[in-house]
Amino acid sequence: MIPLIYPPPNGKFIPLIQKTKTLYIVWHGYYQSLPKTHKYSLGQKIDIFFIEAIEAMATASFLPPQAKPPHICLAIQKIDLIKIMLMILWEIKAIDNNKYLNLSQPLDEIGRMLGG
């Protein structure tokens with residue numbers, strides 16, 4: 001068995017994981033400032049979904065092509081759930097328009113990258 005080296009030796013991830021990781025860092029900053037009533041419900045779920053999406057992407061990146069689809073589908077599912085939960089946070093005014101746009105636009109791009 002070949003040992004997996006993570007993070008990659010050159011310090012760079014595949015672009016999809018890099019983009020998702022960068023967006024997670026943005027989300028984490030917003031998460032810290034959510035009102036308590038939403039931070040420990042929707043906010044916590046979004047945080048978990050981000051981590052699970054990154055995990056699924058990283059797993060798929062190490063697999064042969066024929067074994068990737070279930071992990072890619074899982075990542076797509078988690079990204080779609082993040083989009084829905086963020087929309088709810090925005091609609092209940094727990095995050096403002098700018099934060100919503102800063103998160104939703106890159107999420108759409110990540111979704112296109114996964115589905116492409």
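Position 1 is the first residue of the sequence, and the numbers go up from there.
Exactly one of L74, L107, D108 qualifies for a side-chain contact (heavy atoms from CB on, under 4.5 Å) with I79. That residue is L107.
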*Run the side chain to side chain contact (heavy atoms under 4.5 Å, CB included) check on I17 and S61 step by step: do they pass?*
CA-CA 9 Å; I17 294 174; S61 74; 4.1 Å; yes
*asked:* If you apply the rule side chain to side chain contact (heavy atoms under 4.5 Å, CB included), what do you find for E91 with M87, and how did you get there?
replied: CA-CA 6 Å; E91 288 175 357; M87 189 181 299; 3.5 Å; yes
*Output, in order, the C-alpha distance, side-chain angles, deciding distance and verdict of side chain to side chain contact (heavy atoms under 4.5 Å, CB included) for Y100 and N97.*
CA-CA 5 Å; Y100 179 69; N97 292 345; 5.7 Å; no
*Where do I46 and L89 land on the side chain to side chain contact (heavy atoms under 4.5 Å, CB included) test, with the steps shown first?*
CA-CA 10 Å; I46 292 168; L89 276 181; 3.6 Å; yes
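Cluster membership check: I84 shares its hydrophobic cluster with I82, using side-chain heavy-atom separations under 4.5 Å among Ile, Leu, Val, Met, Phe, Trp and Tyr. The same ILVMFWY cluster, assembled from side-chain heavy atoms under 4.5 Å apart, contains both V26 and L16.
The cationic group of K78 does not satisfy the cation-pi geometry with F50, failing either the under 6.0 Å distance to the six-membered ring centre or the 45° limit from the ring axis.
For the residue pair A60 and K68, the shortest heavy atom distance occurs at O-NZ, 2.8 Å. Nearest heavy-atom pair, A67 versus H71, reported as atom, atom and distance to 0.1 Å: O-CD2, 3.6 Å. Of all the heavy atoms in M85 and F49, the pair that sits closest is CE-CE1, 4.0 Å. Scanning all heavy atoms of the two residues, the minimum distance from A94 to P35 falls at O-CD, 4.0 Å. Across every non-hydrogen atom of Y24 and I51, the tightest pair is OH-CD1, 4.0 Å. In plain terms, the two heavy atoms of L101 and P106 that are nearest each other are O-CD, 3.9 Å.
I25 CD1 to Y30 OH: the interatomic distance, rounded to the nearest 0.5 Å, is 13.0 Å. Rounded to the nearest 0.5 angstrom, L114 CG and D80 CG are separated by 9.0 Å. Note: E109 CD to M113 CE = 6.0 Å, rounded to the nearest 0.5 Å. Once rounded to the nearest 0.5 Å, the distance linking CG of L23 with CD of Q105 reads 11.0 Å.
Annotation: side chain of M57 is in contact with side chain of I110 (closest heavy-atom distance under 4.5 Å). Using a 4.5 Å heavy-atom threshold, the side chains of T22 and Q18 count as touching. Two residues are said to be in side-chain contact when any heavy atoms from C-beta on lie closer than 4.5 Å; K99 and W90 fail this criterion. Side chains of Q44 and K39 form no contact here, defined as non-hydrogen atoms less than 4.5 Å apart. Put simply, the side chain of I92 reaches to within 4.5 Å of the side chain of L42, judged on heavy atoms.
With hydrogens and angles disregarded, a donor-acceptor distance shorter than 3.5 Å links the side chain of N102 to the backbone of N98.
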